[in-house]
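Every chain is numbered from 1, with letters handed out A, B, ... down the list of sequences.
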Amino acid sequence: MKAGPSQEEIRQHNLGALLRHVHLGGPTSRADLATRMGLNRSTILALVNDLTAAGLVREELPQVTGRAGRPSLVVRPVATRAHVLALDVGVERLTAALIGLGGVFLDRRECAWSPERPQDPAEVADILAEYADDVLSAAPAGGSCVGVAVAVRGIVRHPDGLVSLTPNMGWKDVDLAAELSGRLHLDVPVPVLVANEANLGALAEHRRGGGRGSQNLIYLHGEIGIGAGIVVDGELLRGGRGYAGEIGHITVNPHRGRPCGCGAHGCLEAEAGERALLEAAGRDPRVTGAGAVRAVVTAADLGDVTARAALHRVGDWLGIGIGTLANLFNPDLIVFGGTLRDVYLGSAAQVRSRVNTSALFACREHLRLRVSELGGDAILIGAAELAFSELLARPLETLSPHAEEGAPIPRGSRRGQLAVNPLPLEPADHGNDPGHGPGVRAGLGLDR
Amino acid sequence: MTRTPILELRGIDKSFGAVQVLHDVALSAYAGEVTALVGDNGAGKSTLVKCIGGIHPIDAGDYLFEGRPVQVHSPRDAAELGVEIVYQDLALCDNLDIVQNMFLGREKRRGAFLDDSTMEEMAAATLKGLSVRTVKSLRQKVSSLSGGQRQTVAIAKAVLWNSKLVILDEPTAALGVAQTAQVLELVRRLADNGLAVVLISHNMNDVFAVSDRIAALYLGRMAAQVTTSDVTHAQVVELITSGRSGDLGLTTTANGAAA
């Protein structure tokens, strides 16, 4: 048992907190940072100087002041100094993106999956690693890759990141992190983190999307299935082994329900997923995807009676599922992402009506239903946030193995004042070894 | 709810000659909320909006803005209060660019000249504040924009003037699904930025997707004003088509006395 955090730990914590403020909030003046972090101005100055010396932030004049007097300098994150690889194993496409500090997309590569797409994890890892090499070789000079995270459409075990099951691709107990880390050509090896797509979507919406300011939100992601990322009191709900949030498999229609891929009958995703919608609309349920779903919504908008009835039906089932979520978690926000975005906009009247009749008044009274602000990029943005978590927890330590590539790492001033009011979802596994070796650490290790 | 509404109308009457279009209409719009105004064709939605905007003087009733009784005799009075209306036809000039349209009739001047750079900066800041990313250049002519982009410009124009209440008349009519989604997102963002928004729409999905309250007009009377988390689609449709639904709505039919 330690007596308390050392000065060095406090300094690292404060550096992380400051970096996190500008990473998420964009350019911020030193005065604002002092107010928000509850630190005095000289401490802020010292922290900013350390981060500036490391090349992570830059101070500059604000563009428009509109006020009299000497303008206060703003602290801006430098997107080109530290970047992460965000990888997405989607249903329709494979994507690799290079995302810089501050959430800036620096580069991306993607390919659509053909019907005879590779199902073998090794082949998927080959393609992703090739794209990763592509974007990394084109990365801005002086930048360091400080994290890698990959989103999968399946359930992922905590804390080792083993992909236990991906229903669409038939993966079972696949160690995707190991597959990938063996193939990536990074100058300084970093752990490859693996996470469920809806959890990453929830993280993205919570930090950068419509969920900013909400501590209790649920992100629903629809592709072929329906997944949920649940944030309770600012923390992602993980469950015992990391599998929580499988809302697609709550039973809504047990007796006369449609068969589900999981083997049960009447699961929410069997009744309200893409295939159910397309089948009810009289379309080929094998041709799924955003285009097919949007075509149904467009047809309904233009007056197609079958399409309308299909959306009506699906909206009703969705409303039942959401009513259950409202009763269980009492969220103040539910965000629809993936193809559920279009489905919700085309069936909002049914969804809301069903929620209003099935959830308790107190649970639904302040519930807001919204479509994702981040749209198709939500998953990648969430992956980037996960990959950045190590840098944001210990900025200089994380960057030091990369020191020879870029700016030197300062061992500067030390301050003993602890920042109050750290941001939500603080990534601080303070007990853990930072682990910069070539080892693999995976899973959502950030929700604390 | 003890909050003071931005806009509160009480007992509004309006006749055109012998035809009484609005009977004793009440309507409240709150900051940070979208109030959907629904009703059948001829229910009086457009007339009500034009009364709020100062185009038609009201015959009787109270017009309260931020809790204070006000007199609105012209669109200029309404604009001074912070009321902006985006009409269905958008009233944009095709031959002008986005900045020129947004400042049309209210141009910023520096001495005898137009202050183009300030206007461009303000327009850019407004579009940025609304997270509009679909518009490439502010110096694009409006004729080159899609329907959704035009709607976006018209809405941004309404927001530019520190307005407090924005009224949108059928903003998603005649738009495709993708553009409708964009415009609805924008409508929601207006309210999330603290404005009071009144949305007129016939599309129940749009109404349920973005609104916090629903006000249903029936034959010139306010059938009911309800919260969206408390009604079903079927109830709203009943309110629109018959003026009542169960306990909600007018207590007698429109031929008799008002509620």
Q) Given that the side chain runs from C-beta out, which part of B:Thr227 has a heavy atom under 4.5 Å from chain A: side chain, backbone, both or neither? A) neither
**Q.** Residues in residues 333-360 of chain A that sit under 4.5 Å from chain B, counting heavy atoms only
**A.** A:Arg341, A:Asp342, A:Tyr344, A:Leu345, A:Gly346, A:Ser347, A:Ala348, A:Ala349, A:Gln350, A:Arg352, A:Ser353, A:Asn356, A:Thr357
Q. Taking B:Met204, B:Arg188, B:Arg189 one by one, which has the highest count of heavy-atom pairs under 4.5 Å against chain A?
A. B:Arg188
Q: Measure across A:Ala300 and A:Ala307 and return the closest heavy-atom pair with its distance rounded to 0.1 Å.
A: N-CB, 3.7 Å
Q. Would A:Glu205 and A:Leu374 satisfy side-chain contact (heavy atoms from CB on, under 4.5 Å), going step by step from the backbone distance to the final call?
A. CA-CA 7 Å; A:Glu205 289 292 334; A:Leu374 304 169; 3.6 Å; yes
Q: Quick one: which residue pairs count as a salt bridge (Lys or Arg N to Asp or Glu O under 4.0 Å) with a foot in residues 224-237 of chain B, not counting sequence neighbours?
A: A:Arg364-B:Asp230
Q: Tell me, for A:Val371 versus chain B, whether the close heavy atoms (under 4.5 Å) come from the side chain, the backbone, both or neither.
A: side chain
(Q) Using heavy-atom distances under 4.5 Å, tell me whether B:Ile214 contacts chain A through its side chain, its backbone, both, or neither. (A) neither
Q: Establish, from distance only, whether the side-chain atoms of B:Gln225 and B:Ser28 form a donor-acceptor pair under 3.5 Å.
A: no
Q: Given side-chain contact (heavy atoms from CB on, under 4.5 Å), test B:Asn205 with A:Leu311 step by step and report yes or no.
A: CA-CA 11 Å; B:Asn205 285 323; A:Leu311 278 167; over 6 Å; no
**Q.** Partner of B:Val34 under side-chain contact (heavy atoms from CB on, under 4.5 Å), chosen from B:Val207, B:Thr228, B:Val166, B:Val210
**A.** B:Val210
Q. Less than 4.5 Å apart, any side-chain heavy atom of B:Leu114 and any of B:Phe103?
A. no
